[in-house]
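Predicted, not measured: the structure shown is a model, and the values here were computed from it.
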Amino acid sequence: MKKSNAFDEFFSFLCHEIIFYFWKTKSIKTQLKMEAQIKYYENKLAYEMDPSDLFEALNDGEKIIVIDARRAFGYDEEHIPNAINIPHREMNAETTKHLDKEVLYVTYCTGIGCNASTKGALNMTKLGFKVKELIGGLEWWKIDGYATEGTKGEKQGLKIECAC
């Protein structure tokens with residue numbers, strides 16, 4: 001049987017410490033990555049809302065005002081029932097002075113190919129309003145089966161009904 005010497009013991013200890021260091025570092029990196037992902041998704045949910053969540057919130061009587069951030073002709077043709085129209089290009093202190101800053105505003109536009117809702121959400125936030133953006137806009141609202149209204153005629157679908 002071979003007798004271990006101080007060098008062998010030190011080498012074994014050093015190998016153990018190196019392996020432990022890399023295992024611990026990988027674990028810390030994984031944890032940090034997970035925490036970053038959690039924060040990312042929390043932020044998404046803090047600033048975005050999908051059509052079903054909006055529909056449910058409106059039916060539950062939550063204090064929400066829906067803003068169509070497109071130009072007036074788009075709103076006139078078709079919009080979410082009870083939505084108001086403030087085109088993002090016209091959002092400023094003067095055009096929003098009548099709005100309640102304690103209410104949640106949800107901006108939307110045509111769909112994922114349009115960024116009027118993003119620009120509107122940014123403008124409203126800069127003006128001091130609480131804002132979320134509707135994911136998918138009017139297109140996803142309709143895909144989810146919800147009603148619209150406007151000069152193009154009403155699209156049949158589930159209607160917002162608050163029984164408060």
Side-chain angles (χ1 to χ4, degrees), residues 25-164:
T25 302
K26 184 177 179 183
S27 177
I28 290 170
K29 285 180 183 176
T30 301
Q31 183 62 34
L32 290 174
K33 187 177 179 182
M34 293 298 289
E35 287 174 15
Q37 269 188 293
I38 290 168
K39 190 68 178 160
Y40 170 79
Y41 291 118
E42 286 174 343
N43 284 337
K44 260 183 91 104
L45 292 172
Y47 304 119
E48 297 177 341
M49 177 179 274
D50 70 11
S52 65
D53 289 341
L54 176 58
F55 185 81
E56 184 179 326
L58 291 170
N59 273 327
D60 288 347
E62 290 183 31
K63 289 187 171 189
I64 294 178
I65 295 177
V66 182
I67 298 179
D68 188 321
R70 302 174 299 155
R71 293 182 182 166
F73 73 87
Y75 172 84
D76 290 342
E77 285 181 2
E78 187 175 34
H79 58 270
I80 293 172
N82 303 317
I84 63 172
N85 180 228
I86 308 175
H88 71 87
R89 289 176 176 87
E90 299 172 18
M91 290 176 180
N92 57 51
E94 184 63 29
T95 60
T96 61
K97 68 182 179 186
H98 65 285
L99 299 175
D100 183 353
K101 291 201 176 183
E102 298 305 312
V103 173
L104 174 65
Y105 293 86
V106 178
T107 62
Y108 76 91
C109 58
T110 304
I112 61 171
C114 175
N115 66 2
S117 61
T118 305
K119 291 176 180 178
L122 176 61
N123 291 342
M124 294 293 288
T125 302
K126 285 179 177 179
L127 291 165
F129 294 94
K130 296 182 285 186
V131 185
K132 286 190 177 190
E133 184 178 10
L134 181 64
I135 300 170
L138 188 60
E139 290 303 315
W140 284 9
W141 176 265
K142 294 187 299 186
I143 288 170
D144 282 357
Y146 304 120
T148 62
E149 55 190 27
T151 59
K152 283 175 73 174
E154 287 189 21
K155 179 204 171 275
Q156 295 302 312
L158 298 173
K159 298 194 183 319
I160 300 166
E161 301 176 279
C162 180
C164 323

Visitor: With a 4.5 Å cut-off on side-chain heavy atoms, are Glu62 and Leu104 touching?
Guide: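 Contact flag for Leu104/Glu62 side chains = no.
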
Visitor: Is there a side-chain contact between Leu58 and Asn82 (heavy atoms, below 4.5 Å)?
Guide: no

Visitor: Ignoring hydrogens and geometry, is there a side-chain-to-backbone donor-acceptor pair from Thr151 to Asp76 under 3.5 Å?
Guide: yes

Visitor: Can you establish whether the number of heavy atoms outside Ile84 located under 6.0 Å from its atom CD1 is more than 12?
Guide: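 Buried by this count: over 12 neighbours within 6.0 Å.
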
Visitor: To the nearest 0.5 Å, tell me how far Glu35 CD sits from Gln31 CD.
Guide: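 Output value for this atom pair is 4.5 Å.
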
Visitor: Would you check, one step at a time, whether the test side chain to side chain contact (heavy atoms under 4.5 Å, CB included) holds for Lys142 with Thr148?
Guide: CA-CA 7 Å; Lys142 294 187 299 186; Thr148 62; 3.6 Å; yes

Visitor: How far apart are the closest heavy atoms of Pro87 and Ala72, and which atoms are they?
Guide: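 Looks like CG-N, 4.2 Å.
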
Visitor: Do Leu54 and Trp141 have side chains that get closer than 4.5 Å, going by heavy atoms?
Guide: yes

Visitor: Go through the steps to decide whether Glu78 and Glu149 satisfy the test side chain to side chain contact (heavy atoms under 4.5 Å, CB included), and finish with yes or no.
Guide: CA-CA 5 Å; Glu78 187 175 34; Glu149 55 190 27; over 6 Å; no

Visitor: Taking Tyr75 for the side chain and Ala83 for the main chain, is one N or O donor matched with an acceptor at less than 3.5 Å?
Guide: yes

Visitor: Might you point out which heavy atoms bring Ala69 and Ala116 nearest each other, and give the distance in Å?
Guide: CB-O, 3.4 Å

Visitor: Would you say the side chain of Ile67 lies within less than 4.5 Å of the side chain of Val131, judging by non-hydrogen atoms?
Guide: no

Visitor: Which residues pass the side-chain hydrogen bond (donor to acceptor under 3.5 Å, both in side chains) test with His88, sequence neighbours left out?
Guide: none

Visitor: Which heavy atom in Leu127 sits nearest to a heavy atom in Met91, and how many Å separate them?
Guide: CD1-C, 4.2 Å

Visitor: Is atom NZ of Lys130 surrounded by more than 12 heavy atoms (other residues, nucleotides or ligands) closer than 6.0 Å?
Guide: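 Result for NZ/Lys130: enclosed.
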
Visitor: Measure across Thr95 and Glu90 and return the closest heavy-atom pair with its distance rounded to 0.1 Å.
Guide: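 Thr95 and Glu90 have their closest heavy atoms at OG1-O, 2.6 Å.
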
Visitor: In sequence, state the C-alpha distance, the side-chain angles, and the governing distance for Ile80 and Leu134, and then conclude on side chain to side chain contact (heavy atoms under 4.5 Å, CB included).
Guide: CA-CA 11 Å; Ile80 293 172; Leu134 181 64; 3.8 Å; yes

Visitor: Is there a side-chain contact between Leu99 and Met124 (heavy atoms, below 4.5 Å)?
Guide: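 Side-chain contact under 4.5 Å: yes.
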
Visitor: May I ask you to test the Trp140-Asp50 pair for a side-chain heavy-atom distance under 4.5 Å?
Guide: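 Trp140 does not reach Asp50 side chain to side chain.
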
Visitor: Measuring only between side-chain heavy atoms, which start at C-beta, is Asp144 closer than 4.5 Å to Phe55?
Guide: no

Visitor: As a quick check of understanding, evaluate side chain to side chain contact (heavy atoms under 4.5 Å, CB included) for Arg89 and Arg71, giving each step before the final call.
Guide: CA-CA 8 Å; Arg89 289 176 176 87; Arg71 293 182 182 166; 3.3 Å; yes

Visitor: Let me confirm one number: the CG-NZ distance from Leu122 to Lys126, rounded to the nearest 0.5 Å.
Guide: 4.5 Å

Visitor: Please list all pairs meeting side chain to side chain donor-acceptor pair (under 3.5 Å) that have one or both residues in residues 101-124, counting only residues at least two apart or in different chains.
Guide: Asp68-Tyr108, Ser117-Glu133, Thr118-Glu133

Visitor: Is Tyr146 close to Ser52 at the side-chain level, that is, under 4.5 Å between some pair of heavy atoms?
Guide: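 Yes, their side chains come closer than 4.5 Å.
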
Visitor: Please answer whether the main-chain N or O of Ala121 pairs with a side-chain N or O of Lys132 as donor and acceptor at a distance below 3.5 Å.
Guide: no

